Amino acid sequence: MATRVIPPRILRNLRYNTATKPLNSSHPPLSPSLSPSLCIPAPPPISAVLPPSDDLSFRDVEKLFSSVPTTTLLRSTAVLHATALEPMVDFGTWLMRSNLMQVPGLSDLILATVRNTFFDHFCAGEDATTTADSVRHLNKAGLRGMLVYGVEDANNNDACHRNFKGFLHTIDVSRSLPPSSVSFVIVKITAICPMSLLERMSDLLRWQHKDPSFSLPWKQDCFPIFSESSPLYHTSKRPEPLTREEESDLQLAMQRFLELCQKCVQANIPLLVDAEHTSVQPAIDYFTYSSAILHNKGDNPIVFGTIQTYLKDAKERLVLAAEAADNMGIPMGFKLVRGAYMSSETKLAESLGYSSPIHNTIEDTHKCFNDCSSFMLEKVANGPGGVVLATHNVESGKLAAAKAHELGVGKVNHKLEFAQLHGMSEALSFGLSNAGFQVSKYMPFGPVETVMPYLLRRAEENRGMLAASGFDRQLMRKELGRRLKAAFF
C-alpha cells in the first residue's frame, strides 16, 4: 500500500469547533466517545510522512507554558531530570522497599521528601480536597483530569471492599468538580477482584478459546476476548472449574463493578478500565465487555476498555471486539496505550519457552499504535462510541491530530480525547490543547503510603519513557531562560 502523505495545510490548520453534545441531555458534557462500527478491511494506517511544520505550536514555548507558574516549571524540570537517571530510580525503588521505612522518624522524613517532590509531580493529591484543587488548576490551564484511586493487586475480599469504597469516593469527588473538568474515572479490576481469582478466570477463558465446548456456567454475554494470535501459553492444561467459594467471590466482584458502573451512569461520567498483565487481562476484558453490553446505550459509552498496542495481537483483538459491539448495536469506547509491562511480559514468556507477546521492535509498536488510532478515528467519524489516545509520543500525536482534523472528528465532541500521565509530556498536552483538542491528564491520588506501590511500579515499567523526557525538559529550560531574560531585560 502506498504511503499516505498528509497535506501540509492539514498539519498547519489544527483548530476546530468544539461545540459539545453531552452524554445525557440533562447533564453537562463530561466525556468523549467513539464509533465501534467495524468494516474489514480496516482503513489505511496513519503511516504518513510528516513535512516540516510548526504544528501543535511546539516552537512557541511562551504560549505552550503560559499557564504554568515559574516555580512549577523549575520543580518539573528538576524532577524529570532526576527520574531520567536510572541510578536515581534504582536508589529510590530500593529505599522505599528497604527496612529503613520501618525506622520511626526516618520513614517520616523519607515520605515527606517523596511527598514534596515526586509525589506532588506525578500525583493529584492525598485526599479529596487537594485532588479537587489539582483538577481545578488543571482545568484553568485548558486540560481535564482522569481520576484514579492509586491502588491495585488486592489479594482478598476485605482489601477489595476497601478499594471499592475508594473508587466510589473518586466518583463523588468527580461529581463535586466543575462540569467537564473530569473526563473519566479510572478503575483497576485488580483492585476490586482478588488477583488469584482473576488468574483462574483468565485460565478458564483461555481454555474455552482453545476448546469452545468447554462450559463456563458463570460466563455472561461478552465481546471476543482473544484473537487467533493471542498468547495462550499461560494455560498449559485444562483448568478445574471455579469452586463455590470462587464463584461467590466472582459474584461479589461483579456486584462491585456493577455498582461503580451504575454510579457513573448517574454522575454522567464514563468509567475507564485500565489494562494489566496478560496473565489476568482476559478476565479484565471479560469484566469490561460484559458490563459494556449492559450499560453502554445510545451514542456515548459509559464503560471504556483499554488496548495495549505493544502486544502483537492488539489490532486483531481491537477489530474483533469493536466489530462484535457494532453488530450488537453497543457503543464501545477504547483507550489506546502502548503498554507498561514489557520487561515482565518478556521474562514470563521466556520462562515458559515462548516468544514474547510484545512486538519485536519499538518501530512495530509505534506502527501498531498508529494503525489502531487510524482505525478508531475512522470509526469515530462515522458512528457512535469513543476513543482515548493515550500517548507520550510526539509523532503519534501529530499523526492522530492531522487524521482527526482531516476526518472532521473534532467538530463532533465526545468522539476523541488525548491523554498523558500527570507530570509527563506537558508540551504535547498543552500543544494538543492549544490546537483545539480535548486533552486529559491521568491523575492518581491517595495517601503517599497507599499510592507508593503504584508509583514504584510506574517508575520501573516506564524507565524508557522517563529517560525520554528530554523533549519536555528542553522546552521547559528554553521557557525558563526566556522568563529569566525577560525579568532582567
Side-chain angles (χ1 to χ4, degrees), residues 151-157 159-160 163 186-211 214 216 218-219 222-243 245-247 249-250 253-254 256-257 273-291 305-314 316-318 320-321 335 337-360 365 368 453-454 456-458 460-462:
V151 292
E152 53 190 17
D153 294 8
N155 293 313
N156 55 60
N157 279 314
C160 288
N163 295 339
I186 310 293
V187 64
K188 292 180 175 294
I189 302 298
T190 53
I192 61 172
C193 181
M195 286 293 292
S196 59
L197 177 56
L198 291 174
E199 290 170 353
R200 289 272 288 123
M201 290 173 63
S202 295
D203 277 340
L204 290 161
L205 289 165
R206 274 188 288 263
W207 198 263
Q208 188 184 60
H209 181 70
K210 293 180 180 180
D211 178 8
F214 187 58
L216 300 178
W218 46 267
K219 188 179 178 184
C222 181
F223 305 144
I225 293 172
F226 305 100
S227 73
E228 290 308 309
S229 63
S230 292
L232 304 175
Y233 51 74
H234 305 81
T235 310
S236 57
K237 61 181 181 179
R238 181 188 178 100
E240 294 295 321
L242 294 182
T243 65
E245 182 180 359
E246 287 173 327
E247 287 195 0
D249 287 347
L250 173 56
M254 291 298 291
R256 295 183 192 108
F257 192 50
V273 181
D274 261 348
E276 306 288 344
H277 302 274
T278 57
S279 59
V280 295
Q281 190 58 42
I284 292 170
D285 285 341
Y286 169 74
F287 271 83
T288 304
Y289 296 157
S290 60
S291 297
T306 298
I307 298 289
Q308 296 172 300
T309 62
Y310 69 173
L311 295 172
K312 295 174 183 176
D313 68 337
E316 292 177 71
R317 288 190 296 110
L318 174 63
L320 289 170
K335 179 178 75 168
V337 301
R338 277 171 170 77
Y341 302 93
M342 183 169 68
S343 176
S344 56
E345 292 286 10
T346 299
K347 288 178 181 177
L348 174 61
E350 288 177 350
S351 71
L352 297 172
Y354 289 87
S355 61
S356 173
I358 309 296
H359 286 297
N360 295 332
T365 295
C368 185
Y454 162 84
L456 291 175
R457 185 179 63 76
R458 281 289 181 182
E460 290 178 335
E461 294 287 355
N462 290 307

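For reference, positions follow the sequence shown, starting with 1. This is a predicted model, so every value here is computed, not measured.
Leu348 places a side-chain heavy atom less than 4.5 Å from the side chain of His234. Using a 4.5 Å heavy-atom threshold, the side chains of Leu205 and Lys219 count as touching. Side-chain contact between Val273 and Tyr289 is absent, with no heavy-atom pair separated by less than 4.5 Å. Contact annotation: the side chain of Arg256 approaches that of Cys160 to within less than 4.5 Å [non-hydrogen atoms, C-beta and beyond]. Between Ser196 and Asn155, every side-chain heavy-atom pair lies at or beyond the 4.5 Å cut-off. Between Thr190 and Met195, the closest side-chain pair of non-hydrogen atoms falls below 4.5 Å. A 4.5 Å side-chain heavy-atom check between Gln308 and Glu276 finds every atom pair outside the cut-off. Side-chain contact between Ser290 and Met254 is present, with at least one heavy-atom pair separated by less than 4.5 Å.
Here the shortest heavy-atom pairing between Thr309 and Ala314 reads CA-CB, 3.7 Å. Taking every heavy atom of both residues into account, Ala283 and Leu198 meet most closely at CB-O, 3.5 Å. Taking each heavy atom of Ala191 and Val151 in turn, the nearest pair found is CB-O, 3.8 Å.
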In sequence, state the C-alpha distance, the side-chain angles, and the governing distance for Ile358 and Leu311, and then conclude on side chain to side chain contact (heavy atoms under 4.5 Å, CB included).
CA-CA 5 Å; Ile358 309 296; Leu311 295 172; 3.7 Å; yes
Is there a side chain to side chain contact (heavy atoms under 4.5 Å, CB included) between Ile225 and His209 once you walk through the steps?
CA-CA 9 Å; Ile225 293 172; His209 181 70; over 6 Å; no
Under the side chain to side chain contact (heavy atoms under 4.5 Å, CB included) criterion, do Cys368 and His359 qualify, and how do the steps go?
CA-CA 9 Å; Cys368 185; His359 286 297; 3.4 Å; yes
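Separation of atoms CG (Asn157) and CG (Asp249) is listed at 4.5 Å; rounding is to 0.5 Å. Rounding to the nearest 0.5 Å gives a distance of 8.0 Å between CZ of Phe257 and CZ of Phe287. Taken from CD in Gln281 to CZ in Arg317, the straight-line distance is 6.5 Å, to the nearest 0.5 Å. To the nearest 0.5 Å, the span separating CG on Leu204 from CZ on Arg238 amounts to 9.5 Å. Distance check, rounded to the nearest 0.5 Å: CG of Leu232 to OG of Ser202 gives 11.5 Å. Summarising the geometry, atom CD1 belonging to Ile284 is positioned 9.0 Å from atom SG belonging to Cys193; distances are rounded to the nearest 0.5 Å.
In terms of modelled atom types and a separation under 3.5 Å, the side chain of Lys312 and the main chain of Ser356 share a donor-acceptor contact.
Across Trp218, Phe223, Phe226, a single residue satisfies ring-ring contact (aromatic ring centres under 6.0 Å, His included) together with Tyr286, and that is Trp218.
The pair Lys335-Asp274 meets the salt-bridge criterion, with a side-chain N (NZ, NE, NH1 or NH2) lying under 4.0 Å from an Asp/Glu carboxylate O. Remark: Asp203 engages Arg206 in a salt bridge, criterion side-chain N to carboxylate O under 4.0 Å.
With a 6.0 Å radius and a threshold of 12 heavy atoms from other residues, nucleotides or ligands, Lys210 has its NZ atom above the threshold. Counting heavy-atom neighbours within 6.0 Å of Tyr233 OH, excluding the residue itself, gives a total above 12.
Between His277 and Tyr341, the angle of the ring planes lies from 30° to 60°, which puts this pair in the tilted group.
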